[in-house]
Amino acid sequence: MSEEKFKKIISHAKEYGFIFQSSEIYDGLSAVYDYGQNGVLLKNNIKNYWWKSMINMNDNIVGLDSAIFSHPITWKASGHLDAFNDPLIDNKDSKKRYRADNLIEDFIEKIQSKLNKEVSKNEKRIGEKFDLNIFLSTNERAKKYNSQINDLKLRLNKALNDDNLTELKQIILDNNILCPISGSCNWTDVKQFNLMFNTKFGASLESSSDLYLRPETAQGIFLNYMNVLKTGRMKIPFGIAQIGKAFRNEIIARQFIFRMREFEQMEMQFFIKPGEQKKWYEFWKETRMKWHLSLGINQDKYRFHNHEKLAHYADAACDIEFEFPFGFKELEGIHSRTDFDLSNHEKFSSKQIKYFDPFDQEKYTPYVIETSIGLDRMFLAVFSESLNIEKLDDGTERTVLKIPIILASNKCAILPLVKKDGLPEIATNLKDKLKLKYNVIYDEKDAIGKRYRRQDAIGTPYCITIDHQTNQDKTVTIRERDSMKQKRISIDNIESFLSKSFDISNWL
Ligand code: ATP
């Protein structure tokens, strides 16, 4: 997808009340965004779709809403104070700051696209007989690109695993990786940068203490593990799910709501018996991918990416990547977190955090499988995939947001054809009947075609038009967003039509 298309997505999100730059009247705050009147509805529907799939679909998963603030020792125990760092590097000429690993990854990506070009050029030339494996192992240029990519990946992973900042800089220098702004290779040394925001807790200077805004919601779940275990009479395996804000002082914040400094996560920690982590890791990988595919978005847009460099807490990890307008990037993480967090909280708090297994008559610290998805990234995935500009038979264009209808901000629009002859009254009555069950729009302004286009642009699945025939036989037209097909149905059947269309059990 082109940069043009991405720009269109951002401007459409603003123009139609989905996403605004935060503090826009003061020229905005970098990487912080607000959700507008349509955005908040779509966001709430995504939350609901995730929450139902976790809490309602699983007898052994319960919810939680823990505070954003937690005791500062939390972040010592979790390892975030010592290890939640990104390697940063500055270009001395442009004074721009970058993540050193991202600079190298972008460079690898560039070689990859050269290789892809080479492949498609030869594929076209050779035609049906083209064999990718033979080509990659015989063509001199392809061989060179391939080995460059592999060498760089190996070197990068080793440097990251060893926390070797000197080597990271050396990779940049050896490959003459240039600053995209200044075009120079005049770099500072690489430094570690902690991503947590800190603040003061308490009113007086003497008694106030340092506090961190949580960089992930997971720790609130670990701190409450014993509370939920006891009060919920939970039996392993069981999960705790929560949706909430997280904060990271990202070094570079671009790509719209993909990388924000304040964002929301939907996380679930699944507590299991040690030794069973492989089985449950595979289970949650598959379950989460099914959740994504249940929305009907093209399967080719998703892929797994296994981590080579593991976070400080993990013994296996992968991402579900989505093809955003700027390429495949992480949408959700699935991590086998071992007993790292619970054991450390036990150590730092000196409180017992264990599980007594009534069947095996043994006590242990559970292992944890985590599924962690960024709500804003999910929003971007759905939104960017839904935005279509279609050429119609009459030569005109229409802009339509083909959001999976279960997630659509507003479920239907009720439109009296004219503002007289009793039609607005019928339409208002219908709206009043539906408004507590669904988000419904009432619109009587402008020609009907224009009103349809307005609803298409915000992704409303159905337009219900009240016309003169309604006065005679109590039927209305229902226009379907994606096909633009219309049919007449009795006004008395609208509720059952909508309840069938928006029945979540047909989706999950
Ligand atoms: P990345 O490598 O892109 O920085 P991460 O691996 O640090 O992401 P995790 O710590 O695994 O991310 O967080 C879980 C999920 O939270 C991610 O899959 C992503 O969807 C979301 N997320 C993380 N950082 C951000 C951010 N700055 N803005 C929006 N969403 C984020």
Side-chain angles (χ1 to χ4, degrees), residues 19 22 29-35 43 46-47 50 75 78-80 83-88 98-106 109 156-157 160 193-197 213-222 241-269 281 284-285 288-289 291-292 302-314 316-324 326-337 340-341 368-384:
I19 297 168
S22 179
L29 189 61
S30 163
V32 185
Y33 291 90
D34 299 335
Y35 285 81
K43 197 177 180 197
I46 297 174
K47 282 190 205 180
W50 182 88
W75 307 109
S78 70
H80 283 80
F84 196 55
N85 302 316
D86 275 343
L88 71 82
Y98 300 90
R99 262 174 69 171
D101 53 337
N102 284 358
L103 273 179
I104 301 168
E105 277 161 2
D106 289 350
E109 202 57 44
L156 173 64
N157 281 326
L160 290 174
F193 176 77
N194 193 290
L195 299 181
M196 283 198 293
F197 282 101
L213 296 186
R214 65 181 178 197
E216 59 173 27
T217 57
Q219 295 305 322
I221 293 180
F222 295 127
Q242 102 163 310
I243 300 175
K245 290 265 182 175
F247 305 83
R248 295 182 187 179
N249 200 1
E250 299 282 357
I251 294 172
I252 39 145
R254 24 180 182 113
Q255 296 164 329
F256 195 36
I257 56 169
F258 179 82
R259 191 172 297 286
M260 300 156 90
R261 296 202 165 102
E262 172 181 341
F263 57 100
E264 254 178 289
Q265 289 184 314
M266 305 192 284
E267 296 199 302
M268 194 279 298
Q269 312 291 327
Y281 174 67
W284 281 108
K285 263 177 86 171
R288 292 304 302 146
M289 187 57 106
W291 181 86
H292 286 283
Y302 295 91
R303 71 180 187 198
F304 283 113
H305 169 249
N306 293 322
H307 285 202
E308 283 162 52
K309 178 190 192 286
L310 292 174
H312 58 274
Y313 49 74
C318 72
D319 299 332
I320 293 180
E321 291 188 337
F322 183 79
E323 192 176 16
F324 288 98
F326 34 83
F328 272 100
K329 297 271 177 211
E330 171 174 348
L331 168 61
E332 170 158 9
I334 296 148
H335 310 125
S336 173
R337 285 181 88 125
F340 177 87
D341 302 271
V368 171
I369 305 296
E370 162 183 81
T371 73
S372 172
I373 173 170
L375 174 54
D376 313 86
R377 284 193 190 173
M378 186 62 197
F379 187 111
L380 182 59
V382 169
F383 195 84
S384 57

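If you read the sequence from its start, that first residue is 1, and numbering goes on from there. Every value quoted in this text rests on a predicted model; they were computed, and no experiment measured them. Note that ligands are numbered from 1 as they come in the structure, with each ligand's atoms numbered from 1 the same way.
- Taking 4.0 Å as the cut-off, H335 counts as a neighbour of ligand 1 on heavy-atom distance.
- When every heavy atom of D319 is checked against every heavy atom of G333, the shortest pair comes out as OD1-CA, 4.1 Å.
- Not close to ligand 1: D376, with no non-hydrogen atom less than 4.0 angstrom away.
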T217/Q242 under side chain to side chain donor-acceptor pair (under 3.5 Å): CA gap, chis, key distance, verdict: CA-CA 7 Å; T217 57; Q242 102 163 310; 4.5 Å; no

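- Looking only at protein heavy atoms, the nearest one to atom 24 (N) of ligand 1 is R248 NH1, 3.3 Å.
- Put simply, the residue from F324, F383, F263, F322 that forms a ring-ring contact (aromatic ring centres under 6.0 Å, His included) with F258 is F324.
- Remark: N249 engages F193, F197, R261 in a side chain to side chain contact (heavy atoms under 4.5 Å, CB included) (not counting sequence neighbours).
- At least one heavy atom of R377 sits closer than 4.0 Å to an atom of ligand 1.
- With hydrogens left out, the protein atom closest to atom 17 (C) of ligand 1 is E330 OE2, 3.3 Å, a heavy atom.
- Salt bridge status for R337 with E216: present, with a side-chain N to carboxylate O gap under 4.0 Å.
- Using a 4.5 Å heavy-atom cutoff, the side chains of I373 and H292 are in contact.
- In E250, the part holding a heavy atom less than 4.0 Å from any atom of ligand 1 is the side chain.
- Of all the heavy atoms of D319, none lies under 4.0 Å from any atom of ligand 1, so neither backbone nor side chain is involved.
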